[in-house]
Asker: 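Take a look at this one; I'll ask things after.
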Amino acid sequence: MTSRPSAVKFFTDRSRYAREIEVYQVLLERGIQKVAGHEVPTLLRFDDELLAIEMTIVRPPFVLDFAAAKTEYEYAWLGFDEDEVWAEHVERVKEKFDDKWQDALDVADAFARATGYILMDLHAGNIRFENRSRRGDWHE
């Protein structure tokens, strides 16, 4: 239970929970509240037994969900530095963000420079640029 306007996220995977907490702690230590003009939720509290985190609610534009983030070492070890792998990644981002794909990569790059963590789960639910109307049209 919480008495403040916040979001609570539960995990079923301990390693993803641990990574999310790790990234949130870096954000807190560095005082990062925005990246490339996108709000970042603030960690309020967490529970290792329940695998739960409580965070502030953010409004677009925002960037969130750090459970799949990789360190630069992990990123290189997994082969993402290779041209072919990067090209496939860019194609997936293009499919998910349409004409905003380069903006999404720019936000992810700014996040990596600010935190040392590379966001892997890039989609419009995790990097939002503006609000959508009921019809699904984009508005600035």
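Just so it is clear, the model here is predicted, and its values are computed rather than measured. All residue numbers in this chain count up from 1 along the given sequence.
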Asker: Rounded to the nearest 0.5 Å, what separates atom CD1 in Ile32 from atom OG1 in Thr42?
Answerer: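 Spacing of CD1 (Ile32) from OG1 (Thr42) equals 11.0 Å.
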Asker: Locate the shortest heavy-atom distance separating Pro41 from Tyr24; write the atom from each residue and the value.
Answerer: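 So the minimum-distance heavy-atom pair works out to O-CE2, 3.2 Å.
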Asker: Donor-acceptor check, side chain of Tyr17 to backbone of Asp47, threshold 3.5 angstrom: yes or no?
Answerer: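 Checking the backbone N and O of Asp47 against the side chain of Tyr17, a donor-acceptor pair under 3.5 Å is found.
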Asker: Do Trp101 and Val35 belong together in a cluster built from hydrophobic side chains that touch within less than 4.5 Å?
Answerer: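 Yes.
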Asker: Looking at Arg92 and Glu95, does any basic side-chain N land under 4.0 Å from a carboxylate oxygen?
Answerer: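 Judged by the 4.0 Å cut-off on N to carboxylate O distance, Arg92 and Glu95 do not form a salt bridge.
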Asker: Do Leu105 and His89 have side chains that get closer than 4.5 Å, going by heavy atoms?
Answerer: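 A side-chain contact exists here, since the closest heavy-atom pair is under 4.5 Å.
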Asker: Nearest 0.5 Å, please: how far is CG in Asn126 from CG in Asp121?
Answerer: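 That separation rounds to 5.0 Å.
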Asker: If you take all heavy atoms of Pro60 and Glu130, which pair is closest and at what distance?
Answerer: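 Scanning both residues completely, I find the closest heavy atoms to be CB-C, 4.0 Å.
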Asker: Quick one: are Thr12 and Leu51 in side-chain contact, heavy atoms under 4.5 Å?
Answerer: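 In short, these two side chains do not touch, never coming nearer than 4.5 Å.
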Asker: For the hydrophobic clusters of this structure (ILVMFWY residues joined by side-chain heavy atoms under 4.5 Å, transitively), does one cluster hold both Val40 and Ile57?
Answerer: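 Unlinked, Val40 and Ile57 end up in two clusters.
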Asker: Do Leu119 and Val26 sit in one hydrophobic cluster, given that two such residues count as connected whenever their side-chain heavy atoms are within less than 4.5 Å of each other, even indirectly?
Answerer: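 Shared cluster, yes.
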Asker: Are Glu74 and Arg19 side-chain neighbours, meaning at least one heavy-atom pair lies under 4.5 Å?
Answerer: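 They are in contact (side-chain heavy atoms under 4.5 Å apart), so the answer is yes.
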Asker: Going hydrophobic residue to hydrophobic residue with side-chain gaps under 4.5 angstrom, can you get from Val23 over to Ile21?
Answerer: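 Per the 4.5 Å side-chain linkage, Val23 and Ile21 are co-clustered.
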Asker: Check whether any side-chain heavy atom of Tyr75 sits under 4.5 Å from a side-chain heavy atom of Met120, and report yes or no.
Answerer: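 The answer is yes, as the side chains (C-beta and beyond) meet within the 4.5 Å cut-off.
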Asker: Is any side-chain heavy atom of Leu43 less than 4.5 Å from a side-chain heavy atom of Leu27?
Answerer: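 Counting from C-beta outward, Leu43 and Leu27 never come under 4.5 Å.
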Asker: How far apart are the C-alpha atoms of Asp65 and Glu20, what are their side-chain angles, what is the distance that settles it, and do they pass the side-chain contact (heavy atoms from CB on, under 4.5 Å) test?
Answerer: CA-CA 7 Å; Asp65 194 356; Glu20 185 117 345; 3.5 Å; yes
Asker: Is a donor on one side and an acceptor on the other found under 3.5 Å between the side chain of Asp13 and the backbone of Ser15?
Answerer: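 A pair under 3.5 Å: yes.
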Asker: For residues Glu91 and Lys94, determine if any side-chain heavy atom of one lies less than 4.5 Å from a side-chain heavy atom of the other.
Answerer: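 Sidechains of Lys94 and Glu91: in contact.
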Asker: With no hydrogens and no angle check, is any side-chain donor or acceptor of Arg14 less than 3.5 Å from a backbone partner on Asp48?
Answerer: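 Yes; at least one donor-acceptor contact below 3.5 Å.
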Asker: Can you tell me which residue among Phe62, Phe111, Phe129 is in a ring pair (Phe, Tyr, Trp, His ring centres under 6.0 Å) with His38?
Answerer: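 Result: among Phe62, Phe111, Phe129, Phe129 is the only option passing the ring pair (Phe, Tyr, Trp, His ring centres under 6.0 Å) with His38.
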Asker: Flag yes if more than 12 heavy atoms outside Gln33 fall under 6.0 Å of its CD atom; otherwise flag no.
Answerer: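 For Gln33, atom CD is not crowded (no more than 12 foreign heavy atoms under 6.0 Å).
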Asker: Enter the distance from Lys9:NZ to Ile53:CD1 here, rounded to the nearest 0.5 Å.
Answerer: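 It comes to 5.5 Å.
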Asker: Looking at every non-hydrogen atom in both residues, tell me the closest pair between Ala36 and Ala110 and how far apart they are.
Answerer: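 The answer is CB-CB, 3.9 Å.
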Asker: Looking at OG1 of Thr115 and CD of Gln25, how far apart are the two atoms once the value is rounded to the nearest 0.5 Å?
Answerer: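 That separation rounds to 13.5 Å.
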Asker: How many angstroms lie between CD in Glu22 and OG1 in Thr71, if you round to the nearest 0.5 Å?
Answerer: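 The CD atom of Glu22 sits 8.0 Å away from the OG1 atom of Thr71.
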Asker: Are Phe66 and Met55 grouped together when hydrophobic residues (ILVMFWY) are joined by side-chain heavy atoms under 4.5 angstrom apart?
Answerer: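 Yes: a chain of side-chain contacts under 4.5 Å links Phe66 to Met55.
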Asker: Between Arg16 (side chain only) and Phe11 (backbone N and O only), is there a donor and an acceptor less than 3.5 Å apart?
Answerer: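 Between the backbone of Phe11 and the side chain of Arg16 there is no qualifying donor-acceptor contact (under 3.5 Å).
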Asker: Heavy atoms only: give me the nearest Ile118-Ala112 pair and the separation to one decimal.
Answerer: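 So the two residues come closest at CG1-CB, 4.1 Å.
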Asker: Can you tell me how far the CG atom of Asp98 sits from the CG atom of Asp103, to the nearest 0.5 Å?
Answerer: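 Here the rounded value is 12.0 Å.
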